[in-house]
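By convention in this document, chain letters (A, B, ...) are assigned in the order of the sequence lines, proteins followed by strands, and residues within each chain are numbered from 1. Everything numeric in this text was worked out from a predicted model, so none of it was measured.
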Amino acid sequence: MTIQFYDARRRRKAPFEPLHPGEARLYTCGPTVYKDAHIGNLRTYIFEDLLRRTLKFFGLKVVQVMNLTDIDDKTIRQSHASGVALKTLTAPIIERFFRDLKLLNIERAEIYPAATDHIPEIIALIERLLAKGYAYQAENNVYFSVERFPEYGQLSGMNLQALARGVRIDADEYEDKENFRDFALWKGWTQEDGDVAWDSPFGRGRPGWHIECSAMSMKYLGEEFDIHTGGVDNIFPHHENEIAQSVAATGKSFVRYWLHSAHLLVNGEKMSKSLGNQWTLSDLLERGLSPRAIRYLLLSGHYRQQLNFTFEAVQAAGAALQRLDTLHQAASTAEGDGPARDSVRRIIETARNKFSAALADDLNISEALAALFDLVAEAHRIRREMPLNRAEGFALQNFWHYVDRVIGALITDEVEIPTEIEQLVHNRMRLRTDRKYAEADAIRQELAGKGYQIDDTNQGSVIIWAKGRKLVNIPH
RNA sequence: GGCGGCGUAGCCAAGCGGCUAAGGCGGAGGUCUGCAAAACCUCUAUUCAGCGGUUCAAUUCCGCUCGCCGCCUCCA
């Protein structure tokens, strides 16, 4: 199947042709580790996870690099202000970042390089740019000269003339630049940097913002690689500058496909500090939202479309998952011998085809999910005529595992029910069979007191819930 | 001011030249059920922000208007 992605530079969808056949190399913009990720950051990471999982789904070997930006104005300022070493400041934030990824079932990238560990590579790249004449030193700073790079602005569609108009310039900060659009590759040490500084041929200082990504991506993925992603806000200036410095240094095209995720809105509004809606995952979990439903919600909208995050939407996502769970439950408790019916085989095949075709078309997850729900409806229709047999249940479960390689929210870990609880459930089942309803209800009360909700189904089985999460379906 | 995106049912959201405009949530009926719940079934947009144009044919292409949003030096 031909995968196609919307490439931001060409502004159209283009068939994905990896540079190295059978392998996709991607650089996904990761967190700046000065504070915990908010839900908008996480949306981008989920998009990148979807991309990665989809590439693997289509049989490609994936090498994903996600940078941890630990040198920037904010990390340095905080480090200096609190008198804490940079690494000491960022370590716990990085730890919580990985915890969030785990909670949202985001797959780990192959490499998580930190800027602070790549100073030599950064310096080498800057030297290359100086040698080729694309960069110049002024005082203790090294700048990239955008005027010497004629293709500048291709990605963002901005040209230097347009950029020159209507923008205020902080004259103090940029007075040593030849052109105010020039950006720093190396920043000479200033008082505010505290002890965040490295020696270099250009003097003591620290890297600029964009250069780390060029240095680290080239180190791990090669001077030219397949995919680079990030939030739309990175298009300009970050990615534009990355292209400029990378292409200028190597003469190669750098990145073949640029993919950007649209921003998340919260209750229809842009997230901002002043609105207090920059929720972290922890904030949401404290309010009782399930990470699984959050993942589903963040995943379910197309990545190039703004997504409005509301509690109601998380609720709706949870309900949608439940509909998918119900069929999975039915499949896993199916009984009876014999071969799978053709009708069951057929609906699975149809869903399989639609699912992968949708994903191959620029990660059209909404359409892919629709294929799943169509399957659910069809399966129930078939099930009503005659319950699923074991072969059919197995086929459906298989398919669930197959699509969950991409969705990452369908198959949940089996939860152990304490024997004591299971015993009570079975006792109650017997009492119900004996029509001793008062005693059965008493046990249900007792279980509710222990945090387990019991739902009877019309097949005689029961479903156990705890903390709003479906735990198990115990067959009669 | 420059560059770009979006406006599809109560809400979310696909489709982007031609079969009855996917799917989810919610809602309304129904089936099942000791109860409670869950689950399942059916229904829920004569129409795609508005107005023009191109075309045999437009939600899909073009233009204008209205509304919302993003970027324009360190915000994913």
Original post:
Taking atom P in both C69(B) and A13(B), what distance in whole Å separates the two?
Top reply: 15 Å
Original post:
Quick one: which of A39(B), C41(B), C72(B) gets closest to the side chain of F236(A)?
Top reply: C72(B)
**OP:** Specify the residue among A438(A) and A370(A) whose closest nucleotide of RNA chain B lies further upstream toward the 5′ end.
**Re:** A370(A)
Original post:
Should N364(A) be listed as having a side-chain N or O under 4.0 Å from OP1 or OP2 of G15(B)?
Top reply: yes
**OP:** Indicate whether OP1 or OP2 belonging to C68(B) is found under 4.0 Å from a side-chain N or O atom of Q306(A).
**Re:** no
Subject >> Whole-Å P distance, U47(B) and A58(B) >> reply: 15 Å
**OP:** Consider the side chain of D456(A), meaning its heavy atoms from C-beta on, and name the nucleotide among C35(B), A76(B), G15(B) that approaches it most closely.
**Re:** C35(B)
Subject >> C11(B) versus G26(B) - spacing of their P atoms, nearest Å >> reply: 16 Å
Original post:
Among C69(B), C25(B), A36(B), which is the nearest nucleotide to the side chain of A316(A)?
Top reply: C25(B)
Original post:
Between A36(B), A39(B), C41(B), which nucleotide has the shortest distance from any of its atoms to the side chain of Q322(A)?
Top reply: A39(B)
**OP:** Would you check if F373(A) stacks with the base of G23(B), given a 5.5 Å centroid limit and a 30° plane limit, both strict?
**Re:** no
Original post:
Of the nucleotides A37(B), A39(B), A76(B), which one has an atom closest to the side chain of R383(A)?
Top reply: A39(B)
**OP:** Indicate whether OP1 or OP2 belonging to G4(B) is found under 4.0 Å from a side-chain N or O atom of R304(A).
**Re:** no
Subject >> F57(A) and Y402(A) aromatic centres sub-6.0 Å >> reply: yes
**OP:** Please check the phosphate of C71(B) (OP1 and OP2 only) for any side-chain N or O of K270(A) closer than 4.0 Å.
**Re:** yes
Original post:
F183(A) vs H210(A) aromatic rings, parallel, tilted or perpendicular, using cut-offs 30° and 60°?
Top reply: perpendicular
Subject >> Nearest-neighbour nucleotide for the H380(A) side chain, G24(B), G23(B), C41(B) considered >> reply: C41(B)
**OP:** May I ask you to verify if any side-chain N or O of H263(A) is less than 4.0 angstrom from the OP1 or OP2 atom of A76(B)?
**Re:** no
**OP:** Look at the side chain of H302(A) and the base of A14(B), then say whether one donor and one acceptor between them are separated by less than 3.5 Å.
**Re:** no
Subject >> Rounded distance in Å between the P positions of G63(B) and G70(B) >> reply: 24 Å
Original post:
Heavy-atom distance under 4.5 Å between the side chains of H328(A) and L396(A), does that happen here?
Top reply: no
Original post:
Donor-acceptor pair under 3.5 Å: do we get one between R11(A)'s side chain and the base of C3(B)?
Top reply: no
Subject >> Contiguous Watson-Crick or G-U pair runs (3 or more, under 3.5 Å) in RNA chain B >> reply: B:1-7 with B:66-72, B:10-12 with B:23-25, B:26-31 with B:39-44, B:49-53 with B:61-65
Original post:
Taking the same atom, C1', in A45(B) and in U55(B), what whole-Å distance lies between them?
Top reply: 25 Å
Original post:
Want to settle it: does E312(A) or V232(A) sit nearer the 5' end of RNA chain B, counting the closest nucleotide to each?
Top reply: E312(A)
Subject >> Y6(A) six-ring centre to R304(A) NZ/CZ under 6.0 Å and within 45° of normal >> reply: yes
**OP:** Sticking with atom P, work out how far G15(B) lies from G67(B), rounded to a whole angstrom.
**Re:** 27 Å
Original post:
Which word best sums up how the rings of F149(A) and Y134(A) line up, parallel for under 30°, tilted for 30 to 60°, or perpendicular for over 60°?
Top reply: perpendicular
Subject >> Closest listed nucleotide, where the reference is the side chain of F180(A) and the choices are U73(B), A38(B), G24(B) >> reply: U73(B)
**OP:** Determine the interatomic distance between C1' on A57(B) and the same-named atom on G17(B); round to the nearest Å.
**Re:** 8 Å
**OP:** Look at the side-chain N and O atoms of R323(A) and state whether any lies under 4.0 Å from the OP1 or OP2 oxygen of C40(B).
**Re:** yes
**OP:** Measure centre to centre between the rings of W279(A) and H38(A), then say whether the value is under 6.0 Å.
**Re:** no
**OP:** Pick the C1' atom in C16(B) and in A21(B), then give their distance to the nearest Å.
**Re:** 12 Å
